[in-house]
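Working notes for the structure below.
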Amino acid sequence: MIKTLEWTNQGIRLIDQTLLPTEETYVTCGTYQEVATAIRDMVVRGAPAIGVAAAMGIALGVRQSTAQDIAGLRTQFGQICRTMGETRPTAVNLFWAIRRMQQKFEEAAPQGVHTVKVVLVEEAQKMLVEDIAANQAMGRHGAALMPGSGGVLTHCNAGALATCGYGTALGVIRAAIAAGKNIHVFADETRPFLQGSRLTAWELMKDGIQTTLIADNMAGAMMRQGKIQAVVVGADRIAANGDVANKIGTYTVAVLAREHAIPFYVAAPWSTVDMNTPTGEKIPIEQRSHKEVTHLAGKQVAPDGVLVENPAFDVTPHQYIAAIITERGLAHPPFNESLQELALAGAGMVEAKR
Ligand code: MRU
């Protein structure tokens, strides 16, 4: 299994996703600042992986603190959490992870500095284990939605590399294949950062899963030719009404899928669901460097001075989504109701109906 990220005695070990697919290189971040830089520079990326990397970075920063008392540690902890929170704005898993670490800090604080350090390191490692388990549960829930045989299109990378292992959208595909389904994956290359060609194609091929890489502008033609039976993508943030922020271009795929009557599914852990954000309009969208658009593999491919837009994510309105696959079960439209049910089920307040 690919080890996207790992806690080691030297620091946080990450597979460098900016170098794939031609180089499989691992880097170790020895300080929390290095972890923050790795998130910002997309050495580690994908909403769930960002969340766990941030938690590990926080644990690392706290462990290295020389503060003698809780008041001093709390001040440093606040600074570490702020640094992590400023890395990337869209994936809510980052803020979920920070909140979870803050809660643990306060729970352990009465037991003193040493206990806080131990508890936070344990918590970050627990989050990694839970993330893999959530992906496997999504796979179990989502596999039944996949066609018995045929093409499944995915956009960006929502695989082992975007999580702590197995993947969300790719986890559903992996589980469907493990259940005997004959699935051929179509991977959108995902301009401008090429997560589809660099990462999705790489990890699926490593697993021997039949994969065809297409440029983003080919998806409509593939659908029209009958080559795609379902679409499954990941998410960076899901609003309470079911609107989904995911990699730029996801919305285009969803509209194309609707036109061709192909079901469009979203797979994401509950840590990606943001019940405090009512609709997709309220989701902050990261704007990245223009150079990602004007340059390709270091070569300039656009005229000097051209105006450029580079939003890293878009929002797919809930009307386009057939189901949201979470580790708690499936949410079907109307999502404001089904997500609320899953929220209550997760809080242990009612039995999940789905
Ligand atoms: O900019 P990235 O590569 O972090 O964006 C990743 C995506 O948009 C993924 O689809 C999403 O985070 C889900 S990953 C399981």
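Positions are given from 1 along the sequence. These numbers come from the heavy atoms of this one structure, side chains and all, not from hydrogens, waters or symmetry mates.
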Check the hydrophobic clustering (I, L, V, M, F, W, Y; side-chain heavy atoms under 4.5 Å; chains of links allowed) and say if W7 and V62 are grouped together. yes
Just wondering, do C156 and R45 contact through their side chains at under 4.5 Å, heavy atoms? yes
Paired with E107, the side chain to side chain donor-acceptor pair (under 3.5 Å) test is passed by just one of K104, Q103, Q111, namely K104
I'd like to know if E327 pairs up with R140 as an ion pair, taking the criterion as any Lys NZ or Arg NE/NH1/NH2 lying under 4.0 Å from an Asp or Glu carboxylate oxygen. no
If the threshold is 4.0 Å, N to carboxylate O, is there a salt bridge linking E203 and R198? no
Under 3.5 Å, side chain of T4 to main-chain N/O of A160, donor-acceptor pair present? yes
Is it true that a side-chain atom of R237 and a backbone atom of T90 form a donor plus acceptor pair closer than 3.5 Å? yes
Does F193 have R288 sitting over its ring (NZ/CZ under 6.0 Å from centre, angle to axis within 45°)? yes
Hey, are R40 and E286 close enough for a salt bridge, meaning a charged N less than 4.0 Å from a carboxylate O? no
Any donor and acceptor pair, going by atom type alone, linking the side chain of H141 with main-chain N or O of I325 inside 3.5 Å? no
Would Q125 and L128 satisfy side-chain contact (heavy atoms from CB on, under 4.5 Å), going step by step from the backbone distance to the final call? CA-CA 5 Å; Q125 288 176 285; L128 179 144; 5.7 Å; no
Which heavy atom in N310 sits nearest to a heavy atom in P192, and how many Å separate them? OD1-CG, 3.6 Å
Does a side-chain heavy-atom distance below 4.5 Å link V152 with Q229? no
Identify which one of L20, T190, T163, L199 satisfies the side-chain contact (heavy atoms from CB on, under 4.5 Å) criterion when paired with N157. L199
Count the heavy atoms belonging to other residues, nucleotides or ligands that lie under 6.0 Å from CE of M222, then report whether that count exceeds 12. yes
Verify the ring-centre separation between Y320 and F264: is it less than 6.0 angstrom? no
Positive for side-chain contact (heavy atoms from CB on, under 4.5 Å) with Y32, one of Q79, M56, Q76: Q79
How about E281: does its CD atom have over 12 heavy atoms from other parts shown lying under 6.0 Å from it? no
Is there a donor-acceptor pair under 3.5 Å between the side chain of D243 and the backbone N or O of G280? yes
So do F335 and I324 actually touch side chain to side chain, heavy atoms under 4.5 Å? yes
Checking the side chain of T211 only, and the main-chain atoms of I209 only, is there a donor and an acceptor separated by less than 3.5 Å? yes
If you define the side chain from C-beta out and look only at heavy atoms, does anything of E189 sit under 4.5 Å from Q195? no
Value rounded to 0.5 Å, distance of CG in L296 from CG in L194: 6.0 Å
N135 (side chain) donor-acceptor with Y166 (main chain) under 3.5 angstrom: no
Full working for side-chain contact (heavy atoms from CB on, under 4.5 Å) between I15 and E24: CA-CA 7 Å; I15 187 167; E24 189 174 337; 4.0 Å; yes
Measure from NZ or CZ of K227 to the centre of the six-membered ring of F186, then state whether that distance is under 6.0 Å and the direction lies within 45° of the axis. no
Is the CD atom of Q300 crowded by more than 12 outside heavy atoms at less than 6.0 Å? yes
Has the side chain of D274 got a donor or acceptor atom that lies under 3.5 Å from a matching backbone atom of N276? yes
Is it the case that the side chain of R99 and the backbone of L94 share a donor-acceptor pair, with hydrogens and angles ignored and the cut-off at 3.5 Å? no
Would the distance check show the side chain of E122 and the main-chain N or O of K117 forming a donor-acceptor pair, the cut-off being under 3.5 Å? no
Atom of A254, atom of T316 and distance for their closest heavy-atom approach: CB-CG2, 3.5 Å
Straight-line distance of L145 CG to L330 CG, nearest 0.5 Å: 5.5 Å
Any sub-3.5 Å donor-acceptor pair from D16's side-chain atoms to T25's backbone N or O? no
Derivation and outcome, side-chain contact (heavy atoms from CB on, under 4.5 Å), residues M223 and V253: CA-CA 10 Å; M223 290 180 183; V253 175; 4.2 Å; yes
Within a reach of under 6.0 Å around CD of Q225, are more than 12 heavy atoms found that belong to other residues, nucleotides or ligands? yes
